[in-house]
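Below is one structure, written out as structure tokens, with a few remarks after it.
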Amino acid sequence: MFNEINKNIVVTLGINMLPVENQKEAMERLGAIVYQEVMLRALDILTEEDKDAFEKIIEKDSNPETLFGFLSEKIPNLDEIVREEAENLRKESSDIMSEIGK
Amino acid sequence: MKTEKKSPDSLYGEDKEQIEYDRLQQKKADDLTAKIDNEFNKRNGNLTQKEPLHRKKIEENSTVDEIAEILKNNTIDQIVIAGEKINLPESKEKLQGLKPDLDAYTALYLLNNYNKKSLEDTYGKYSKTSIVKKDGTSEDFHGDKNISEKLIERDESFINKYKNDDKESIRVFVDTGGEWLKVEKEGETTTIYIDHHGEGKRLPTSGTKMMMEIMEKAGILKEVPLWLHKFTEFVNDIDNLSYLEKEKNGKKIFNESYFRNEWPNSMNALAEKQIPFETFLELCESGKIKDPSKSFTEDDLNGELGNYKIGENTIKDLCRIQREEVNNTLIGIKNSIDHNTENGLHLETKELGKIIYHDYFKIKGKSNIILDHLAMKATVAKGFNTYISWNENKKYKRFFINSVESKSLDEITKRLNAVDPGCALEIRGSFIFGKINNLTEEQFLNIISPDILKNVKPKIDKKNKTINTSETNKKDEKTPEVITDGEFNNFVDSNLVDEKIIKDIAEKHKNQKPLSTREEAIFNNNIQKVEKILLEKKDLENKVVKEEKSDTITTDTETESVIVKNETLEEKKVIEKTQESKVEKNLEIARERYFSEYTKCKKEADKQNLITRTKNKILNIFRSKENQKETKLEDFFTEELNEQKKEYDKARIEKGNEMYSIKKAELEKSGLTGKDLDTALTKYKATEILSKIIIEEKQKLLDIRAESAPVKIALWKKMLDGYMKIKPRWKRVALSTALFTAAAGAGIVTGGMFAGYGLATMAGMKFGYSMAIGAFAGHSAKGIDWAKSGADERFKKEQNENKLKLQEQFSKNEISIEKYEEGIVSLELAEKKRARNRTLLKAGVGIAIAGTAGFMAYDAMGHGISHAAVDATSGPAVPHFISHGTVEATADHGQGAISTIKELQHNLKVEYGNNIENAPASVKHILNTDAHKLAQEYGMYKPGQDAESVLIKSGEKFTVDGNGNVKFENTLLEKGSDLKGSATYEGRMVDTDHSGMKTGGNLNQDTLNQKVLPNESMQDSLNNNVSPSEINGETIISGDNTTGVNQDLINNEVLPDGVNQDIINNNVSPEGISTDPGNFIDNVDNLKHLDFQNPDHVISLTDNNASLKMQFHYDPDGNVDGVDVGGNTYNSGENPYVLASEIQKLDNHTQLDADIDIFKMTSEARFLDKIPQDTYEYKYLLHEVVGKQKDIIENYGNVLNPDKLVGDAAETVSHVKNAVEITSEQLKLLNDENIHHLFPGENGMKIWENIKNNPVRTSIDIKVTDVAKNYTDFISQIHKIHNVTGLSPDINESNGEYIIRATKYLAEKGRLNEIKL
């Protein structure tokens, strides 16, 4: 659920002050970080067999849609992992950025 | 040897002037070769050779300044550059010539194109160019005028020069001449050496770098663009092979895996393929190659870059060729290692470290081949230090030593020349070129180190150089290769190899059988996978530990030394300019330490995981699952890591503040103050600082982690590319936004998000409509109970859709990010509120409607009662006949005793499902007894008394354990199967009957409006959503004869009026129910147009020839607060019994419910044929349709012919028709039969009991051959079940549970015979 960090994250990071194009760029980059974190965690969870299958899928089609599709089938709590990784990044960003320029 | 020159016309077809020019070029080159040969001899003390004719040393210590001054103020008359041997492009006779090497080319490119002086001012009127081989030892020489023309755009001058004048004044050697920076004067001629191939070791530099420095000193260097800076760095790396030494996190990047997989797809590799200089420049200048130091990605190779043609080949072709050459070279290196080991050569010396020695021995009649240009790279890649070749072939008679351990090369050169004067020439402190004159191989090796041959008897001779082919063949016969030619070629081409081959190779290795060179290549390329396989062996565990130990953290000193080592003039300049702050350095150190510690912890966790899994596999297959816990990374986080993380964060903050302060000062200086200053700083913080301190730092850690990720790094990159290339961009932004803000909510990323963006694209559906499918897909993936009420689905769908709309709007610039977040927060709040309301509502009206009311009504009102619980993976709930856990019902949202008992009944029903017949007597009793009556039995409800109801505190609960013991808090009410009536609870009783109403029917506002009640009791009353009847029910209702409600209906024991039991049981068409397909289709068609999200939508249904309208009212939070039925309006604040009764009056409501569910199912099924069958979406959807249909059959007594249910999708889901109902008893029987087959004999069942609860994952992973005989049939059967069903084991799922789930799954698909024994 959206907590205080969530509510204030764009303000804490100052993203709301940016032109829309910059906002989107920031979101793209932050989203890409979460994406990678999720993928790494997911890889740790997959069985060897599933990892092999996953590799084959990446070779064939590296579209996130396909990859998430596969992972969500194999990892029941994938959404929770997404949520946690997003939360981790938001918290870390918030903790550090709020200490800058005080 | 000089190449015999044929008729020049036949080579170039040029005119006489050109022929003359070529001749003179040849002559000059001969002169230069002679000069260098003389120099060669002179340096090596061969006094019998002639003294050099033209050389008189004038100045020993020339400087860059001096050269700069000369070039600044004079014109150049002759350029002498280094060249490499090539096949002349126009030569049919395959004549060889010289082409300037990349370094020389680039140096001259700078001189000609980035020179503030014009060409006329740079070169003399009759200037010329000459090309010689850089080591000066080659006699093969041929001028290539085409290249010269391109280099020096003064070809006319060359020709004129030889026609008119031979006088030279300034001559510049670039990248050749065998001298470091130097100026020599002899008469009128000044010779400048800009070469980095002089004697002794110096910092890695290049002719290009030197030229750049000189031009800069001379003040004649134009501004050099970034791409050219990168290009010069690349040239420097190539020329010095310094990329072999580069490190990342204390580890050399260039290892065998990198050499085999990454290097062939790089500019470094292309540079070996005689690519025209102009092509390199064009690729870099145009941005097709952004960073020449990085390998090409798969996308690069499959895209514009890969298809870029160079001659007849594309870049992709060249990379493939290079990959083949690398593989062949590595094979040659391995042959040498094996051969020398067999011969007993000790090839590790103090001076040269580990040596690859190549003496062109014969293998099966042919010389072992190590390609010259790849030899040193392969040596380094294999982890060796020195490459030595000895070629006695008459045609060559050469030896060569190249070493990264360069300190001793000078000494070795001296020793060699002492024995055979003039035989060796040391170049650049990195290699020794040698001629085989009088030396024997034995002498040669003994000079290098007497230790090399100390164990060799007899001494090396030609005989020993031939591997006994018959022996080799024998070896091959004993251990046939596990790979075919075709498979190996495929491996070379694509780097892919079948998993089985890797396993077979690992097995050979494990059994200490020798690997063939091809197997070795695959082994090395898949070392991670092989290691995992081999971890089953204890010695390999030790190997892991050993590797761990060698994983040392790079010290500051080491880091510095690397920096110094690689520091070039350009780097120095950059460093001087940027003056790295102390803060930056602190950050680097903190990062390095944190990353190192993190990596250690991660490795430890990975290792432990592997070991645990392996041990489980090998030793403890039957270990109980409690001991099979998966290790978590966090468990391996050390105190040290936490400390390092703190330091790292601190350093980041410090760096951020430094950036902030500098920017602030800068802005203030520019006159910015107050709010403007704050705004500017905030923006700076949100861009530059966020980028540097958060994003880039996170990416660095991710890069390191990705290196050890269990996927190939190339695939990891491809995965990221896949993300970064989502198009159109707004979709990428939307996904990123969803990921970062986690606004997605449950299921949206894995289901809704991609349903919205992916399925919409695939099926060409409208964005919003596809969401419905997406939500289902998401549920499937998460294992959400399918049978949750439709209201939940609609609400979630609406929520998801709204969130996606917000993301889309933000991504398309339609709203600001603040609006986006506001919207998300608002939606989340609505979700919370709904959850709360639903919980309260459930307590009030749930049971009343459950048995009788139309699906749609309770559905839309957010009712919590579900159909039989359906697991997303296995379908409808699987009865747990083995054991049941504790079931609870907690009064944590305001219920009283009766409501809590009802909740307990519901929870028990879910837990025991269809297995009630096996439930303990107490559970049966609870399920078969009215809650009011139970409350009386338990002494919690005493109708007729003043204090009729027990006081229940919030959080108090009923529990029923697996044995059926029923407790309220600590009071035992019923004891499992030993039911002897019920004990009573001695709690405080209160009078809650404030209304005086003894029967329900009308709303009692007094009760509803009652504001002050004890916190801990009867909280139902506080909720306006509950009925007074139900409120009163806590105190006075006996459970029978309440207005409009038949308790039997509530308990589902009888059917409501208008429903004929035969219809349900016998699948017959009752009178009054329309079975006319047309009528059915009309209803479904109406339902298809139902807009669940439109509060104003009126639902029109034809039901039993009556026209009915139903319209719901919604509150601002999206909850239903009323309904119009048959022209009457009911608000949720009014008695829901009335509402329920009205809904009951809808004849044939079972048909109606079925219609609605059918509509939902067919809506999903319709899309099946629009989705490609090999996609996951298809699988999800198919599963949901199947599950839904099953649900319908179960809930509506198969009232309809299943053939009609699926409509258009009938064919697609036709196998559903084969589905069979399987009762828990049948299931048990089937499994018992199977188990008896698997574990025959008297002790069979005991064995089964021992392993029944062990994790099935282990059983699936282990090989049949690795288990004891008693278990082989069982393991085979598990493997079979796994293969047939494709079901992955859940975490901690036991053998028994998995078998049941799989059996149930196959039963649904009519495929039970596939596993029956």
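Both backbone and side-chain heavy atoms feed into the values below; hydrogens, waters and symmetry mates do not. A note on names: the letters A, B, ... follow the listed sequences, proteins ahead of strands, and every chain is numbered from 1. What you are looking at is a predicted structure, and each value in this text was computed from that prediction instead of being measured.
- Smallest separation of non-hydrogen atoms from A/Pro64 and B/Gly722: CD-O, 3.5 Å.
- B/Ala706 and A/Leu40 make their closest contact through CA-CD2, 4.3 Å (heavy atoms, listed as atom of the first residue, atom of the second, distance).
- The shortest distance between side-chain heavy atoms of A/Tyr35 and B/Met719 falls below 4.5 Å.
- Side chain of B/Lys685 to main chain of A/Met97: a donor-acceptor pair is present (N/O by atom type, distance under 3.5 Å, no hydrogens or angles).
- A salt bridge links B/Arg652 with A/Glu92: the closest approach of a Lys/Arg side-chain nitrogen to an acidic carboxylate oxygen falls below 4.0 angstrom.
- To the nearest 0.5 angstrom, A/Ser62 atom OG is 10.5 Å from B/Glu298 atom CD.
- Highest contact tally toward chain B, considering only A/Leu67, A/Asp52, A/Asp61, is held by A/Asp52 [criterion: heavy-atom pairs under 4.5 Å].
- Contacts between B/Leu715 and chain A at a heavy-atom distance below 4.5 Å involve backbone atoms as well as side-chain atoms.
- B/Ile653 approaches A/Ile100 most closely through the heavy-atom pair O-CG1, 4.0 Å.
- To the nearest 0.5 Å, atoms CD1 (B/Ile695) and CG (A/Leu89) are separated by 8.0 Å.
- Rounding to the nearest 0.5 Å gives a distance of 4.5 Å between CZ of B/Arg705 and CD of A/Glu37.
- In this structure, chain A has a heavy atom under 4.5 Å from the side chain of B/Lys645, while its backbone stays farther away.
- A salt bridge does not link A/Glu55 with B/Lys718: every distance from a Lys NZ or Arg NE/NH1/NH2 to an Asp or Glu carboxylate oxygen is 4.0 Å or more.
- Ranked by heavy-atom pairs under 4.5 Å with chain A, the list B/Ile1260, B/Leu720, B/Thr679 is led by B/Leu720.
- Atoms CH2 and CD1, on B/Trp716 and A/Ile58 in that order, are 8.5 Å from each other to the nearest 0.5 Å.
- Rounding to the nearest 0.5 angstrom, the gap separating the CG atom in A/Leu30 from the OG atom in B/Ser691 is 9.5 Å.
- To the nearest 0.5 Å, atom CG of residue A/Leu18 and atom CG of residue B/Leu690 are 8.5 Å apart.
- Side-chain atoms of A/Glu49 and B/His1282, non-hydrogen and from C-beta on, do get closer than 4.5 Å to each other.
- At least one side-chain heavy atom of B/Gln699 sits under 4.5 Å from a side-chain heavy atom of A/Gln36.
- Looking at B/Ser661, there are no atoms closer than 4.5 Å to chain A (heavy atoms on both sides), in backbone or side chain.
- Using modelled atom types and a 3.5 Å distance limit, the side chains of B/Arg1257 and A/Thr47 yield no donor-acceptor pair.
- In terms of heavy-atom proximity, B/Asn657 sits nearest to A/Gly101 at OD1-N, 2.7 Å.
- At a 4.5 Å heavy-atom cutoff, the contact between B/Ile694 and chain A is made by side-chain atoms alone.
- Residue B/Thr682 comes nearest to A/Gly14 through the heavy atom pair CG2-CA, 4.0 Å, listed as atom of the first residue, atom of the second, then distance.
- Residue A/Glu25 touches chain B through both its backbone and its side chain, counting heavy-atom pairs closer than 4.5 Å.
- Put simply, the side chain of A/Arg29 reaches to within 4.5 Å of the side chain of B/Glu696, judged on heavy atoms.
- Atom NZ of B/Lys700 is surrounded by more than 12 heavy atoms from other residues, nucleotides or ligands within 6.0 Å.
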